[in-house]
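Reviewing the structure listed below.
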Amino acid sequence: MAACPGPAGAGAVHGSCPSGFAFDSGLEIKTRSVEQTLLPLVSQITTLINHKDNTKKSDKTLQAIQRVGQAVNLAVGRFVKVGEAIANENWDLKEEISIACIEAKQAGETIAALTDVTNLNHPESDGQIMIFTDKTGVIKAARLLLSSVTKVLLLADRVVIKQIIASRNKVLATMERLEKVNSFQEFVQIFSQFGNEMVEFAHLTGDRQNDLKDEKKKAKMAAARAVLEKCTMMLLTASKTCLRHPNCESAHKNKEGVFDRMKVALDKVVEIVTDCKPNGESDISSISIFTGIKEFKMNIEAVRENPYFQSKENLSATLEVILERTEDFTDSAYTSHEHRERILELSTQARMELQQFISVWIQAQSNKTKSIAEELELTVLKISHSLNELKKELHSTAMQLAADLLKYHADHMVLKALKLTGVEGNLEALAEYACKLSEQKEQLVETCRLLRHVSGTEPLEITCIHAEETFQVTGQQIISAAETLTLHPSSKIAKENLDVFCEAWESQISDMSTLLREINDVFEGRRGEKYGYLSLPKPVKNNANLKSLKLDKPDSEEQAKIAKLGLKLGLLTSDADCEIEKWEDQENEIVQYGRNMSRMAYSLYLFTRREGPLKTSQDLIHHLEVFAAEGLKLTSSVQAFSKQLKDDDKLMLLLEINKLIPLCHQLQAVTKASLQNKVFLKVDKCITKARSMMALLVHLLSLCYRLLKKLQMENNRWVSVTNKDAVDVKT
């Protein structure tokens, strides 16, 4: 997601713009209005055309048909006004849009005239009226109307695409000026302009991303915008470092890496909106094992229905391609011996099952008996089972490797060491820790490649590729930034620059934890469960408390503050999930309420990135009301658990509960309070309270887990002593 830069001279550029504060350009409002007008229009036209072909109508039916005709004409009128407004703002397309609007207007008037009672003869003797005899005319007018409406929508879409391309070109032009700047004062002036242009580009691409129907394109857009968001801050500190140390080769290398990556991301956005693939771009689905298995099983099913659907050579070749890709797992130095042996065993079994299937399939082509059909069915089930087992093993291998790697590097010791050696100016230590970071980078890159194979969906596959590229590039940039600091250990800007790249690395590690959860949800058939809060109520419409809530446009500092709060909230959800995973009893009430709160907090985090199910401030406020209620339910469960504890432990737990209860009530009060349309202030307070609640939740989950284990150990010890006494008595 593209960044929302702060004001010139602020010295920092932060995060993304929350969807609740996004402002729309006039064109975006108009094109959305076009779509909203079109929906009832299509419904009304369909009602007219699909009406029973019966010329005799009662008065009631007659009036209904007339109302539909009038409604169509009114909707067309609104549609035409929107289209004309778009035409007036875009002279190069004005003629085409105007012609389409005229056609739409004529068609709407024709439909209204053909369904107008006043144009008809008097009623017949039986009290009924002859109407709608020219159904062909209505159909013709409806077709003209839909054709012209579609034309306007396509032209409006071209306008939006042109806006995005023009905005991207402005950003590129300003970036070229930033690359060549030699004075700090000039840099500040140009960067201020660059910040404004990036804000415009962020809004245009964000709205485009939300409008995309293709999930694959949406994921690509999200990845490109994420690069631009993170690189904007990197560009600032890397450029300032170069200006401060103009003769430092590593500083220039660091800066060039940022500019190159931003240019690639900007080009990627244009490729997505124009639907133009560069030459040589490979189809991602061709490299995913899970996608290959899915397509192979579909071919097997098709052969069962039609024995002549494919050749045996094609099936064998397809399976071999899939099994060759499993070499990414078996050849990896990080795959355990047990997993490697199991993957090889299942691959051999899949080959054998396919040969058996082909043998029976050949018999089925000439001998169509019931027994052969049943045997063919059995071989299909066997090969499907073998491939499912292979998928499970690959999934288990990749997930275990990724989880172990993230756990091992959770303390970020190498990054801390690089910062320390930089401040000390220790070149020998720098070389040592740079080598360690390179090793860590290669591990993460290879893990992302394995995760891509088992991701299960194209959007997650694209997310894996994005993570792989980020680790690959950021790892090198951290080393160059650390080298600059080591050469200039007293440089504050060089230290700030290294901090920014290290934060990007840590952020990607955090995102990878989220990615693992999502891949696991897809594999276990729980995709989307993140927003299905078990028994939690759904957001309601027309809430009286929200009717007066209007959006105000925040400045860049407010946007940065919300983004920073959101990031901290996202990290806390990861901490909470780690605590939840420790519990053996996942059905425990404390665990369930904690999981609910973690998922809801994750949705709040997505809101600050203009993603997820919460689209408006109204959605957010209701979501927070439910979040507070869930927190109170958690405190009730913890209080019930505390009754099983000894006095000291019970007191310690109750003290923590007494911290959470007021926060829940305060959050409820803030959501209901009226702040005279100061939405940013209200959202800021709410997310701050939610973050405090999540920090307490993490602590409570950890404390309850330790106290539960202690209670179980004491109970087991008591049982052992009781049994021993019983044995002694018998003796």
Side-chain angles (χ1 to χ4, degrees), residues 24-51 65-116 118-119 132-170 200 203-205 207-208 210-214 217 270-276:
D24 298 302
S25 69
L27 175 63
E28 288 157 1
I29 294 172
K30 291 184 179 71
T31 50
R32 284 191 187 133
S33 178
V34 167
E35 294 176 6
Q36 291 165 2
T37 304
L38 178 64
L39 292 175
L41 187 67
V42 172
S43 175
Q44 291 154 8
I45 292 171
T46 305
T47 302
L48 272 178
I49 294 176
N50 292 339
H51 201 278
I65 292 174
Q66 183 178 4
R67 283 197 301 271
V68 172
Q70 290 172 346
V72 168
N73 194 30
L74 287 171
V76 171
R78 292 193 297 272
F79 178 87
V80 167
K81 284 182 180 179
V82 173
E84 288 172 345
I86 294 173
N88 290 332
E89 293 177 6
N90 298 273
W91 288 93
D92 53 335
L93 297 174
K94 184 173 182 179
E95 185 178 353
E96 290 180 80
I97 296 175
S98 297
I99 291 171
C101 287
I102 291 169
E103 290 176 353
K105 189 174 182 180
Q106 290 174 346
E109 290 171 350
T110 301
I111 290 172
L114 290 172
T115 55
D116 190 354
T118 59
N119 294 336
F132 212 27
T133 52
D134 189 11
K135 190 169 185 177
T136 304
V138 174
I139 292 173
K140 185 177 179 182
R143 285 176 178 167
L144 175 62
L145 177 58
L146 291 176
S147 172
S148 56
V149 164
T150 303
K151 192 181 295 183
V152 172
L153 286 174
L154 290 172
L155 290 168
D157 194 60
R158 280 172 56 187
V159 172
V160 174
I161 291 171
K162 282 178 63 180
Q163 276 194 338
I164 291 173
I165 293 173
S167 178
R168 169 261 201 175
N169 290 340
K170 283 198 296 184
E200 178 191 355
H203 286 305
L204 288 172
T205 53
D207 290 321
R208 187 67 178 182
N210 291 334
D211 292 338
L212 287 171
K213 301 297 185 286
D214 187 328
K217 287 183 181 178
V270 173
E271 289 166 16
I272 295 164
V273 298
T274 58
D275 207 18
C276 295

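Predicted model, so just to flag it, every value in this text is computed and none were measured. Positions are given from 1, in the same order as the sequence printed here.
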Are any of the side-chain heavy atoms of [X] and [Y] separated by less than 4.5 Å?
| X | Y | result |
| --- | --- | --- |
| I161 | R208 | yes |
| V160 | D207 | no |
| V149 | L153 | yes |
| K105 | E84 | no |
| I164 | T205 | yes |
| K217 | D275 | yes |
| I86 | L155 | no |

Measuring from atom [atom1] of [X] to atom [atom2] of [Y], what distance do you get when rounded to the nearest 0.5 angstrom?
| X | Y | atom1 | atom2 | answer |
| --- | --- | --- | --- | --- |
| I111 | L144 | CD1 | CG | 8.5 Å |
| I165 | L204 | CD1 | CG | 11.5 Å |
| K140 | T110 | NZ | OG1 | 9.5 Å |
| L93 | L154 | CG | CG | 11.5 Å |
| K94 | N88 | NZ | CG | 4.5 Å |
| R158 | I97 | CZ | CD1 | 8.5 Å |

Looking at [X] and [Y], what are the two nearest heavy atoms and their distance?
| X | Y | value |
| --- | --- | --- |
| V80 | A104 | CG2-CB, 4.3 Å |
| A87 | S98 | CB-OG, 4.1 Å |
| N73 | E109 | OD1-N, 3.4 Å |

